[in-house]
Amino acid sequence: MKTIRSKMMLLSLLIWIIMAVIWLSLSVFNQKTVEQYNEILQRYLLMNQASQQSQQTLTSLNDYRMSPSQNSLSRYISDNNELHHTKSELNWLRNPNNNFLLDNFQNMLESQSEAMDLVVRFKQDNAEEEAAKQFDEATNISKYISETALSLISGEQKTYDAFYRNIIQRSDDLLKLGFWTLAFVSLLLLLFSFRFVSSVTQPILKLTQAARELSRGNFQKPIEVQNNDDMAFLAKTMDSMRLNIGNLFDEIQSKAQLEYDLHKHKLMLKDSELKSLQSQINPHFLFNTLNMLSKEAYLAGADKTSELISSVAGMLRYNLRRMDSRVTLRDEVDVLDEYLAIQQARFGDRISVVKEIDEEALDIEVPILILQPLAENVFIYAIEPSEDGGTLTLRVKNEADYVIVQVMDTGQGMDEGLAERLLSESESAAYKGHSTGIGIRNVLQRLQLFYGVDELIAIDSKIGEGTCITLTLPRRRSP
């Protein structure tokens, strides 16, 4: 059996050597032609890409003009960078026949990019007339770019027309020769291969069945092939792999259970920490509130004092609920109104509150006490330090998969380092809210545990321009 197989393998090897020699000869003969053909094709594609990229960048710029947003601006910047990259790649196309035209083409691309950048600058400065003029200039340059690209491609076609026709003829000849060579070699292989196919079919079928069982998760059935050849070695290897995979599968299940238990313990520990935090009410807040209530009782009528006391009672009653409670966003907005009523009585005309709320977004479930700590952050960093006070804006927007909640102020803002520290463990230890004792980091941690998602809070702030804290709340929680 081995002797027959060896002879047949030798004959097969000889046939393959003949085919390889023929193919190698054809390849060496045709290699240079193919490389030149690929180079010509790449030249055409690069010219066309430059024209298309010019139009695409102009389209992105127009989208930004019509609907200015960070996303549309980012798309324009990305397309403009790609346009610059394509311009630099055009140097590869340079030859004595197109040197002047290619220089003009690259200069037009640079001019269009500069005009479009001016559009963005004027748009950001609200100079609509200048932006429109620059956009028209960029549009005209883009048209010239398209025309120049066609001229370049036309010149390339004239330069390589004879060579291209020669390539077509050679391709036809090679196709015919390749077909007859393949037919001849295939016939020889068919004649010499038929004799030993049956000797390997049965082991292959057994290995196929074994692989199917492994794909179904059955790692108990052993793999056995009785042949004393390479198939038997392959079967032994697969059987060893079956045992290893089975052991690894058991180990993964064990580790998954351990990770689940560890996560469960971490949640219990976090719940204990939150309960401990829940029992703390900042004395400074109580002092300010009671002092303000006594002044109101002295200077004003009993009705307003009653409303303030009711607001304090409702807020404290809400804050003393379990920290693992689920509430609706509407509940959070309502208790925030109680808190803001107290602060408005305290600060008077120094504070202005603006609310833009989409009622359809208020029915989603959220963890308790996620809005009040953000408002407290506004008073700590923006309202209290300023003699003129400021404006607090609460915005709730409803989207398809998310609810966007924004708490904004008109304070002095903060640098990037402070914004990062507000979300860090170190800042959380130093900062606690007036009424809840809860910092922004604590809000982030509870949101992450509730939704199973990391990126939920963003702080956008600039010195002298105020601060915006954005919550992106998924409508569906991760399992």
Say you draw a straight line from CG of N244 to CG of L248; how long is it, rounded to the nearest 0.5 Å? 8.5 Å
Given the rule in the salt bridge (charged side-chain N to carboxylate O under 4.0 Å, His left out) test, do K143 and E147 qualify, once you have shown the distances and angles that lead to the verdict? CA-CA 6 Å; K143 293 179 181 178; E147 295 174 359; over 6 Å; no
Decide if atom CD of E360 counts as having more than 12 heavy atoms of other residues, nucleotides or ligands within a radius under 6.0 Å. no
Any chance the side chains of S142 and S54 put a donor and an acceptor closer than 3.5 Å? yes
Rounded distance (nearest 0.5 Å) linking atom CD1 of I457 with atom CG of L374: 6.0 Å
I'd like to know if the side chain of D136 pairs up with that of T139 as donor and acceptor (distance under 3.5 Å, no hydrogens or angles considered). no
Test item: side-chain donor near acceptor, N81 and Y76, under 3.5 Å: no
Does atom CD of Q412 have more than 12 heavy-atom neighbours from other groups under 6.0 Å away? no
Note: E387-R350 ion pair, threshold 4.0 Å (strictly below): no
Between N71 and R75, is there a side-chain donor-acceptor contact under 3.5 Å, judged purely by atom types and distance? no
Please determine if E416 and K462 form a salt bridge, counting it only when a charged side-chain N lies under 4.0 Å from a carboxylate O. no
Distance-only polar pair, side chains of T328 and D363, donor-acceptor under 3.5 Å: no
Can you tell me if CG on D349 sees more than 12 non-hydrogen neighbours from other groups inside 6.0 Å? no
Can you see whether S72 engages S69 through a side-chain donor-acceptor pair at a distance of less than 3.5 angstrom? yes
Salt-bridge criterion met for E359 and R330 (N-O under 4.0 Å): yes
Run E137 and K133 through salt bridge (charged side-chain N to carboxylate O under 4.0 Å, His left out) and show every step you take. CA-CA 6 Å; E137 178 68 17; K133 290 180 181 179; over 6 Å; no
Within 45° of the axis and under 6.0 Å from the centre of the six-membered ring of F135, does NZ or CZ of R65 qualify? yes
So does K355 pair up with D337, basic N to acidic O under 4.0 Å? yes
